[in-house]
Every structure is written in structure tokens, then in C-alpha cells.
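See structure below.
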Amino acid sequence: MSFQVILDEVEKNITKILGDLQCNDVAFSVSPSKSDFGDVSCNVSFLLAKQLKKSPQNIAQIISAKYEKCEHTLVSAVKAHESGYVNFIADWKKLSTLILLGSFSDEFGYTDLGKGMTVVVEHTSVNPNKALHIGHVRNIIIGDVISRLLQKTNHKVNVLNYIDDSGLQVADIIIGFRHFGFSEDPPEGKKFDHYCGDDVYVKTTAKYDGDPSLQDIRKEILCEIEDGTSEIAQFASRITQRVLANQLETCWNLGVTYDCLNFESQIIRSGLWGTTFEKLKKMKLVEYDDVGENSGCWVIRGHDNDKDKVLVRSTGTATYIAKDIPYAAWKLGLLGDPFGYIIYDKKQPGGKTLWQTTLDDISEKCSFAGSKVITVIDSRQARLQNIIADLMSKFESEGAYVHLGYESVTLSSDTAKILGLNTEGKQAQMSGRKGLYVNADSVYDSLLTRTAEETARRHPEMDVSEVNQIAHYVSVGTLRYEMIKQDLDKIITFDLAKSLNLEGDTAPYIQYTYARASRILEKSSRPYSDADCTLLSEQAELQLIRMIGMFGISVRDATINLSPKVIARYCHDLAVAFNEFYEKVRVLGLDDTTLEDSRVHLVASFKTTLKMALDLLGISTPEKM
RNA sequence: GGGCUCAUAGCUCAGCAUGGAUAGAGUGUUGGACUUCUAAUCCAAUGGUCAAGGGAUCGAAGCCCUUUGGGCCCA
């Protein structure tokens, strides 16, 4: 049971009262109050003012008087506020017991939003020619948290990672290896993906400006890779697999796992485009232009002021959108599945099986399609994604294909300067080609160094492995939290120096409160499972219980709005409530042992709730910090 | 030129979907609290014409329109 029960009770009674007053269909809201206005507030008086020709204050009085006579168990008092709000004071003796007992259940915070529906979440999808940079991390963490939220709310989730192994960026590094003599092995101590991105890619593309003939070579290589049979194509495949393996290590280290890897090269070779194209023609969603600038092309008509989008050029070659459309249709299960599936050769942490598509042996069949698809891609791709979503809505019901967009991560002026670019105080867009980015692994490494130092300083008694374990949890937590604590439509300006700040609204703050709670439980030898919750009456205690009870409401909100930050804020607010409690209320060593039991019970409830909430964010909970 | 998006405290952001009470955090600055369940903590002070203008409303940070400025996409 959560705080929702009292909201439900109030809503039910207000509806009944409205029925008595013969005012139906009033869209009033019942919500948790802001502080100092009781526990639950209702705005119904404002909405009725016109209809009843009375002031909101007056109506609030009428409603509160009527409410007293209703059957109610969780409300102890109703107050008509002079502003017009009707405020309700909870009967905390009852509500506390419900919330605290509920919090120990695995079902706590659970709402059945999915009804078992299968949802595809695609994220990461980084070109396999470089290491992940800090911008990719935002994508990955958003996608991962969304997956966790959907799982929590009874969706079956298939997490996909799309590997663009036949694009220009891959062709670029192949040119580097084959035409500029880059060694296939990275320098000592450097990961292969870093080497490909930092050295091969940057230095190869830098040569394009001075040598136009390279463009022809680029096209040739791209064709060979798409075709897939030549020696070059096989070489490229080996390279991309190696980069991919390194990229996955980074993701896994951050606590992110997948169900299936989809290779673009295979989508091209599978013939999915052909069947999709025929289907589009049949449904008259694509048209052939005889005249005009797109003469000889197959196009999708643009809406309103949007230009037509070319799908197949007059030369007969498909444009890059033509790769995305069949893939989107495949994800929705609209096409026959041409793929077989094999298990990826490295094991994911946590034991979840990772599959990958194959065309070589299609005996093993799986299904990774879903009735809803959420594609996490930054909002620069919004135009293209809208076209795809629009097309898919013609096949499936509206809203089956969702583009979850988010703003990019840019570099602060100071950080750009460190990387060798003077931006005169302005933030800078990252660029793989220019080598202007910060790798995810290096951010993690500096966080790890910093947090290990801090942990060792606090706990001289700990051995190195324990220190490193805690430092790992804190570093990953910090990185993840920074990526989701703000709204998706806010640009994150990444600053190397500031990223190492571990105070204030950060993951370590929240994890630290968890460790404090753990410490109390560790030191307490008293049994608390059947403690009397009605003894908890301090403001700080009730506030903490209230926050615990809000968990389910946050989960629901975050899932419906696909908004990870809601959970981040919840975790923070819950931690604040605990710290307040911790400062003001003593738990251990009380003369009144029954009260002590109750408080220990509350601490345990907080601890388990915070753990569940942090789990949704993929943030671990160290027992000590 | 067209489209999308953002603008709230010195800085970074909540709140806006579904209008209503006193606009909240963190950070910064200044001061205070560790012989007490962990100070990665807490407390206090400081700091806001919610970009500007208009509109509808009894009532706007929130809704509508216009403008300005930033970012992105397309050309």
C-alpha cells in the first residue's frame, strides 16, 4: 500500500459528495499537499465556483462539512482553507502502518501499466568505429532507465542495440587501416575502440580536405561493405566486431545490458527493404516522381511545409532512410522475420542472455519485436524519426512507434579548452571527426580515482578491493545520475572539473544516506518486523513515511511520461527526508525500547524503498561509504 | 528562408502536462554544528518584475498570440 490509498479514498468520497450536490463530470484533482497545507489537497471548490455561484471558500466549507459525514478511515480531519482548497489531514496511525508494511513487499511501487505488453526499447546504437563518449552515455542511461521502469510496471521489454556496421564512419576507419597504414593493433595500454576513434578515425578524416580522390575510395569501400562478400568487407566486419566488444564492455561496466544486437549490414542483405518497399507502394505511401527536382525518384510526400523525402534515387539506390524504415517495421513485427539468432560470444554481467542477428544459420528463431517500440535517439534526428513514426502509424495503431528524443551533451568552454579548442566562453558541440569529445571510459576512470581516494581516506581499515568496489558503485552512480537528473529537453554542458563534484544533488549524496541507514540497522540488534508503527509521530518521521509512500506515484508518473528524472528527483527527495529524520530523531539507544523498535522499522523501510528506487536508475547501494 | 526546441536566483536546474495557497532545490558567497546512529551530512543568512509585450480568465511562471535571444535540424 502506498500514499495512493488515501488519495483514492478522498477522490471516491468527493465524487460521492458531488453526486449528492448534483454536480457530475467535474474534473477535480486530489493530490499530495505542498508542505504546511495538510497531507492531501483538493481543488474542487475552484471548479464549482461558477456553477454553484458561490465563492471557493464557501464551497470548501460545504464540502468539508459533508466530508465529515462520509465513510472515511484514513483521513482524520478536513479543513476548508481560506484560499478555497479543501485540505485533508491523514490519520497517520493507520496510514503509517499501511505504508511501512507495504514497503517490504516486492510489489511495492508496482502498478500494472503494461498488462504484460511487449515493448521494444532501442538505445545505444553507436557507430562501431569509436569508443563511447559522454554524449552516448546519456542515450544509454536514458534507454536503460526506461527499460527498467517498463519492466517494473509489467511490460515485457526487449532491449536492442542497433549496430551500424555498414555506414560511412566504418568505411572511414577502413580507409585508415588499408590506405594510411594504421596498424591493426593499438598501442600498448590503449583499448581498441579508443584507438580507432582517437587515432584512426580522426587522422583519416582529417586527410579528406586535402585529397578529393579519397571520396571515391570511400564510396568503393562502402559498396564493398554493403555487398559483404569481399575480403575488405570481411576485414571491416572483424574490425567492427572488435570495436563493438569494447563498446559493450563500457556499457556493461555502467550496468547496462541488452537482449539483442541488430546489425545493419544484415538488414540490408536480408531483403527486408524489398518487401517493405513493395508494401509501401501497395499502400500508396510512396510515390514516383516523373518531373521536378526529384524526377525519377520514389518519395514520401512531406506534410505542410516539409519537403518530399527521397527514398530511392533515380539511380535505383536507396537512401539512408530506406534502412531505417524496414528496421522500424521489423521492430513492430510487421514483416516476416528473416533473421536467425545466435548467442553473443561474451557473457553479459548479471547473466541475461545476449543474442545477435545472423543470416548464416537461421535455424534458431527468437522474437524481439514488440507491439510498441521506443527508440532513444537524440533530438537532432527528430525530423527523420517523425517520418518513420508517421509511416508506422499507417501500418499500426497511432503511437506504436515512439521516438524518445533528448538534447545533446555539449562540452563546457573550459573542457573544450583542455581538449585544444578555444571557444571564447561558449559551450562546444562534440565532434568525433574533430576529436572533440570526452570518452566515457576516461570520465569513469577519473571518477574512480577520485572516489577511491575519498573512500580510502574515510575508511583506513578497508582493504583495496572493498575500497574499489565502493568507488565503482559511486562512480557509476554519479555518472548515471548526472545523465538523468534533468529533463530530456535540457542540454547538458559537461565539465570535467565539475563532474567530480560529489556533494549536493548527486548520486553519492543519496548513496550516503543509504549507507547511514545501513549502519543504524547493522548496529541494532532488536527485532523490528512486528514493531508498532503508530508510535511514530514526530514531524520528521511522518515526512519520511510520506515520502516512502510516494514511491508508487513516482514510478507511475515516470513511466507514463517516459521521464527518468522523476525517479531521480524522488530518490533525492527521499534522501533529504531521511537526512532530516537522521538529524532530528535519534534511533538507537533509547530508553523506550518499543519506540526504538518502531524507528528501526522505519529505517529499514526507508532503506528497502530507496534501494528499489535506485535500482530503477541502475544505481547500486553500498552498505558503507 | 522553413521547421523543432529552450529561456525561472550569480551559475546548474525543479515546478508547467491537468491554471488556484507563501515560486522550490543544488551550487556559489558569508556564518555556524563532528567526545553523540558515518560531516560525501545538517542549520542559518544571501539571492527571483518566472526573457519582453499583449490576450482570454474571478485568478497565469504555467494557457493563446506577438517579439527578442540561444541551440539544433532542413535549405
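Just so we're on the same page: letters track the sequence lines, and every chain starts at 1. All heavy atoms count here, side chains included; hydrogens, waters and symmetry mates do not.
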Using a cutoff of under 3.5 Å, can you pull out all pairs of nitrogen or oxygen atoms linking the protein to nucleotides 44-48 of chain B, with atom names and distances?
none

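- Nearest to the side chain of A:Lys565, among B:rU22, B:rC6, B:rG15, sits B:rG15.
- Between A:Asp289 and A:Arg301, at least one side-chain nitrogen of the basic residue sits less than 4.0 Å from a carboxylate oxygen of the acidic one, meeting the salt-bridge criterion.
- Counting heavy atoms from C-beta on, the side chains of A:Val476 and A:Ile619 never come closer than 4.5 Å.
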Given Watson-Crick and G-U pairs under 3.5 Å, RNA chain B in dot-bracket ([ ] crossing, | other strand) is (((((((..((((......[...))))((((((.......))))))....(((((..]....)))))))))))).
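- Judged by distance alone, with hydrogens and angles left aside, A:Thr451 brings no side-chain donor or acceptor close enough to the base of B:rA40 to form a pair under 3.5 Å.
- Listed nucleotides: B:rA21, B:rA40, B:rG26. Nearest to the side chain of A:Glu454: B:rA40.
- Rounded to whole Å, the distance from NE2 on A:His572 to P on B:rA25 is 10 Å.
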Could you encode protein contacts along nucleotides 69-75 of chain B as a string, one character per nucleotide from 5' to 3', using B for base contact, S for sugar-phosphate-only contact and - for no contact, with a heavy-atom cut-off of under 4.0 Å? --SSBS-
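- Residue side chain A:Asn87 reaches the base of B:rA21 through a donor-acceptor N/O pair under 3.5 Å, judged by distance alone.
- Note on residues 469-494 of chain A: pairs passing ring pair (Phe, Tyr, Trp, His ring centres under 6.0 Å), not counting sequence neighbours, are A:Tyr444-A:His472.
- Atom CD of A:Glu522 is surrounded by more than 12 heavy atoms from other residues, nucleotides or ligands within 6.0 Å.
- Spacing between atom NE2 of A:His403 and atom C1' of B:rU5 amounts to 13 Å, rounded to whole angstrom units.
- What separates CE of A:Met625 from P of B:rA39 is a distance of 13 Å, to the nearest Å.
- A 4.5 Å side-chain heavy-atom check between A:Arg313 and A:Thr319 finds at least one atom pair inside the cut-off.
- Salt-bridge annotation for A:Glu454 and A:Arg457: present, with a side-chain N of the basic residue lying under 4.0 Å from a carboxylate O of the acidic one.
- For B:rG59, neither phosphate oxygen OP1 nor OP2 lies less than 4.0 angstrom from any side-chain nitrogen or oxygen of A:Lys50.
- Between A:Tyr85 and A:Phe46, the angle of the ring planes goes over 60°, which puts this pair in the perpendicular group of the 30/60° scheme.
- A search for ring pair (Phe, Tyr, Trp, His ring centres under 6.0 Å) contacts involving A:Tyr514 returns nothing, not counting sequence neighbours.
- When distances run from any side-chain atom of A:Asn561 to the nucleotides B:rC37, B:rA17, B:rC13, the shortest one goes to B:rA17.
- Spacing between atom CD1 of A:Ile59 and atom P of B:rC58 amounts to 15 Å, rounded to whole angstrom units.
- One finds a side-chain N or O of A:Lys490 lying less than 4.0 angstrom from the OP1 or OP2 phosphate oxygen of B:rA14.
- If you take CG of A:Leu384 and P of B:rC4, they are 17 Å apart, rounded to a whole angstrom.
- To the nearest angstrom, P of B:rC42 lies 15 Å from CD of A:Gln543.
- For A:Thr455 against B:rA40, a side-chain-to-base donor-acceptor contact under 3.5 Å is present.
- Of the charged side-chain nitrogens involved, none lies within less than 4.0 Å of a carboxylate oxygen, so that A:Lys584 and A:Glu538 do not count as a salt-bridged pair.
- Each of B:rC37, B:rC42, B:rU27 was ranked by its minimum atom distance to the side chain of A:Asn579; first place goes to B:rC42.
- Salt bridge annotation for A:Glu623-A:Lys607: present, with a cationic side-chain nitrogen under 4.0 angstrom from a carboxylate oxygen.
- Atom-to-atom, CZ of A:Arg516 to P of B:rU36 comes out at 13 Å; the value is rounded to the nearest Å.
- Between the base of B:rA40 and the side chain of A:Arg458 there is a donor-acceptor pair shorter than 3.5 Å.
- Among pairs with a residue in residues 543-576 of chain A, those fulfilling ring pair (Phe, Tyr, Trp, His ring centres under 6.0 Å) read A:Phe108-A:Phe551, A:Tyr509-A:His572, A:Phe551-A:Tyr570, at least two apart in sequence or across chains.
- If you take CZ of A:Phe46 and C1' of B:rC58, they are 11 Å apart, rounded to a whole angstrom.
- Nearest nucleotide to the side chain of A:Asp557, out of B:rA17, B:rU41, B:rA21: B:rA17.
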